[in-house]
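Reviewing the structure listed below.
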Amino acid sequence: MTFDIFMNSMLSIFSWPTFGLLFIGVVIGIVVGIIPGIGGFFVLAILIPFVVGMDPLPALALLLGAHAVVDMGGAITAVLFNVPGTGQSIATVFDGFPMTQQGRGAQGVAAALVSSLLGAVLGVVLFMALIPAVRPVILALTAGDFFMLVAVGIICVGSIIGDDPFKGLIMGALGFLLAAVGQDPIEGQLRYEFGVMYLWDGIDIVPLVIGLIAVSEMIDLSMRGGRVTDVPPKAVVIGRDMIKGLFETLKHWWLMTWTGVMGFIIGFIPGLGGAAAAVMCYGWAARRSKDGSFGKGNIAGVIAPETANSSKEAGALLPTLAFGVPGSGGMAVLLGVLIMLGIIPGPGMFKQHLPMTITLGFLIAIGNIMGAVIAFVAVRPLIRVTFMKAAFLVTPVLMFSLTGSYQSHYSLGDVVLVYVFGILGFFMKKYDYPVPPLILAFVLGPLAEVNFNIALDAYGPLFMFQRPITLVLTVLVLVLGFWPLGKFVFKKKRTVNAS
Amino acid sequence: MKGSGKIIKIIGYKGLVSVFTLAALAFLLVLPGAGHAQTAMDFYKGKTLKMLTAGGPGSGHDQYVRLYAAHLARFLPVDAVPVENVVGGGELIGHNKLYESTPDGLTIGGVNRGMMLFQIIGTKGIRFDLAKLTWLANMAAEPRLMVVSPKGKFTSLDAIRASKEFKIGTEGAGTTGHSDALIVKEVTKWPVKIVAGYTGTTEIQLAVVKGEVDANIGVYDTLYPMLVSGDIIPVLQMGGRKIKGLENLPLFKDIAPPGYEALMRLLDVQYSVSRLVAGPPGIPADRAALLREVFKKMAEDKTFLEAAAKAKRNIEFTPGEAIQKMMEEAMKVSQKDVDMLQDILVKK
């Protein structure tokens with residue numbers, strides 16, 4: 001890769017109309033992200049008709065610009081209203097919303113925007129660095145490795161079960177159970193569908209999350225009245241708090257690096273997706289935290305998932321370009337557009353089409369920079385909304401939540417589920433049953449099931465010992481799994497010896 | 001009033017009744033004939049033609065239906081052609097809804113060819129009968145291929161036959177790829193091991209390249225990028241018309257032993273159609289004929305074809321009448337073949 005190609009690829013983005021379309025895409029992406037339920041997949045679907053007949057570069061600027069920043073928009077409502085704008089912002093609510101309740105909403109939003117931006121940039125750096133070795137790296141990872149990576153995430157459930165381990169474990173089990181509803185992905189047998197055909201396809205994450213988190217919060221808010229935050233509006237200086245949030249985020253550079261790399265790796269594993277990246281990295285950060293403040297407004301709980309779901313974007317682009325295998329639902333749509341524009345993914349993307357590949361990476365990075373600046377400037381009115389009385393807030397949030405969940409599949413069944421989970425979430429909140437373990441288990445359960453089955457069928461029951469990478473990951477899982485037990489035994493022994 | 005009194009005087013009451021009766025009869029006789037040329041087209045004037053799809057937003061089925069919807073108003077005097085995604089139940093809910101919708105010609109939709117096998121084996125939840133739908137057109141033929149890695153152990157059918165284990169990756173039971181793998185296993189008696197659970201056919205292709213599985217059976221259009229890059233090579237075409245450039249590739253029916261003729265005929269029908277359009281049973285004949293004509297015109301229309309080409313949607317039209325016959329024939333399966341299919345697809 002010569003310096004010339006690198007520079008020319010970057011400069012091509014600043015040509016007209018590419019730059020203008022990138023800007024339009026970014027604005028659309030942020031707005032769509034703020035509306036709950038509809039994510040990157042949706043924004044691409046609505047923009048595709050507009051790019052028909054365009055040159056590849058401006059067309060991809062519009063699409064990738066919108067897709068790259070959707071989760072940034074989703075994080076804003078996740079932090080401010082407990083409404084994850086996209087499925088990938090689900091983990092952001094766990095600590096983001098408590099920050100808002102504590103009057104630190106502006107800091108939370110700033111943390112989400114900065115970590116999204118830096119996560120995306122880190123992802124693009126890794127994307128560029130991996131270009132020479134992309135195919136061997138992607139081919140090196142198999143289903144056994146994917147299962148072990150997911151197992152690492154599941155082990156982290158233990159770190160986010162809250163103050164009462166019993167309640168936390170019940171919620172984790174409920175998450176696995178809800179994920180099992182519908183046709184099982186291997187044999188097609190129906191599980192827990194109770195004769196309802198709507199449930200054959202399983203429970204979708206959008207109504208589950210909107211119901212459990214957003215609607216339950218609105219029910220609670222309308223019952224107790226008052227405002228989202230008890231901190232008086234005059235005590236909060238939004239601009240100052242946002243700058244404070246920015247610097248606070250930068251202090252967590254090591255966490256951002258870790259979760260950025262993890263998000264990138266999860267991104268280029270087809271089938272795992274951004275929601276898995278976010279919840280796994282949230283679980284990872286919670287496990288590293290020693291003060292038990294996760295779930296109570298710890299800024300690291302916003303930084304970890306937001307860095308991960310942003311860095312996964314560049315990661316998901318790699319298999320899409322290298323093999324035509326989309327790393328996410330949004331990338332599947334983008335793949336169709338690439339082919340439509342005459343760009344056939346494959347080894348050629350890293351040879352004769354290398355400038356285009358590098359340009360795509362830059363589009364993600366520059367799109368995120370634009371998105372962060374726009375959101376930083378435009379988010380102030382939304383932060384002020386959190387100081388409004390519940391009576392003014394509940395109806396519009398509920399309206400957006402319900403229309404958003406309907407729009408994701410145009411299914412009335414989803415709307416019914418939003419209500420069911422809203423009521424369930426309200427009682428969970430009332431009796432202190434934590435939501436994070438349920439969400440983490442719901443997202444990771446099916447991934448563990450299918451990858452375990454594939455590994456078992458493809459490599460046999462000893463799949464974990466057959467390949468060096470799988471073996472290393474197996475050891476990591478065992479160490480992480482038994483670490484608390486080992487620590488406990490070691491501590492006890494030392495106490496006995498000392499006494 | 002004075003005039004009518006004169007007429008009564010002239011022709012009498014009985015005569016008047018006769019005149020009215022004759023006029024009414026003439027009106028009744030003339031009405032259907034006169035309307036026939038006009039009514040079907042006039043019927044749609046200012047109305048809304050709804051298109052249903054059982055696929056979710058953004059899916060292949062959804063994209064095809066939206067493509068037709070965007071162009072139908074140029075051929076029919078309708079006000080709007082909205083698309084409704086009726087998702088869930090492994091696409092059965094959408095197909096049931098299409099079958100049970102009012103047969104007035106104002107609701108039509110896309111039909112998934114995979115429903116043929118589901119209906120024959122008596123899948124729970126099916127309330128439709130494909131043989132009774134009003135078939136309007138088939139807009140594409142997407143042949144399915146079995147592909148392997150050129151760097152793998154099995155680059156020819158002989159190598160597969162001689163193998164001890166041949167792993168085919170699938171997305172899991174209930175998908176066309178899984179049914180294909182089960183049928184291949186039964187018909188060829190190859191030592192097929194199915195590795196199920198992949199989230200998409202492109203993911204299985206990647207597993208083939210990695211050597212995690214030996215083969216994938218997928219739609220030609222989806223396999224295309226990796227076929228072009230040389231990461232995968234085709235070894236078998238599952239049915240339908242031979243693909244241009246792959247004329248030497250054997251067809252599945254060519255390697256099937258005797259005893260599976262009915263199954264091969266069924267698969268051939270299934271693989272020669274892909275993007276089917278139908279309405280509920282009992283649409284008035286004139287409206288059905290008009291809708292068939294509209295889809296035919298659309299499939300020949302330059303603007304529509306350009307839009308389809310830009311969206312990388314290959315249009316290969318088969319008239320509705322031909323599909324109607326094809327479906328009626330294909331769904332007449334003997335109990336012996338139903339048992340065999342159930343044995344292959346359900347019990348195994």
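A quick note: this is a predicted structure, and the numbers were derived from the prediction, not measured. Chain A is the first sequence line, chain B the second, and so forth, proteins listed ahead of strands; every chain is numbered from 1.
A:Arg467 does not touch chain B: none of its heavy atoms, backbone or side chain, sits under 4.5 Å away. For B:Gln205, no part sits under 4.5 Å from any heavy atom of chain A, backbone or side chain. Contact annotation for A:Leu190: only side-chain heavy atoms (C-beta onward) come within less than 4.5 Å of a heavy atom of chain B. For B:Glu171, the part lying under 4.5 angstrom from a heavy atom of chain A is the backbone only. There is no contact between A:Gln189 and chain B, counting heavy-atom distances below 4.5 Å. There is no contact between A:Phe452 and chain B, counting heavy-atom distances below 4.5 Å. Contact annotation for B:Asp214: neither backbone nor side-chain heavy atoms come within less than 4.5 Å of a heavy atom of chain A.
Remark: A:Asp457 does not engage B:Lys167 in a salt bridge, criterion side-chain N to carboxylate O under 4.0 Å. By the 4.0 Å N-to-carboxylate-O rule, A:Glu449 lies close enough to A:Arg191 to be salt-bridged with it. Salt-bridge check for B:Arg275 with B:Glu142: passed, with a basic side-chain N closer than 4.0 Å to an acidic carboxylate O.
In terms of heavy-atom pairs under 4.5 Å with chain A, the best-connected choice from B:Ile93, B:Thr222, B:Val209 is B:Ile93. The candidate with the highest count of non-hydrogen atom pairs below 4.5 Å against chain B, out of A:Gly348, A:Ala143, A:Gly413, is A:Ala143. Your options are A:Ile454, A:Val450, A:Leu139, and the one with the most heavy-atom pairs under 4.5 Å with chain B is A:Ile454. Put simply, of B:Ser229, B:Pro225, B:Ala196, B:Ala70, the one with the most heavy-atom pairs under 4.5 Å next to chain A is B:Ala196.
Residues B:Val184 and B:Trp190 are in side-chain contact: their nearest non-hydrogen atoms beyond the backbone lie under 4.5 Å apart. Contact check for A:Met54 versus A:Leu63: no side-chain heavy atoms found under the 4.5 Å cut-off. The shortest distance between side-chain heavy atoms of B:Tyr198 and B:Asn216 does not fall below 4.5 Å. In this structure, the side chains of B:Asn112 and B:Phe118 stay at 4.5 Å or more apart for every pair of heavy atoms.
Relative ring orientation between B:Tyr220 and B:Tyr224 is described as perpendicular, the plane-to-plane angle rising above 60° on a 0-90° scale split at 30° and 60°.
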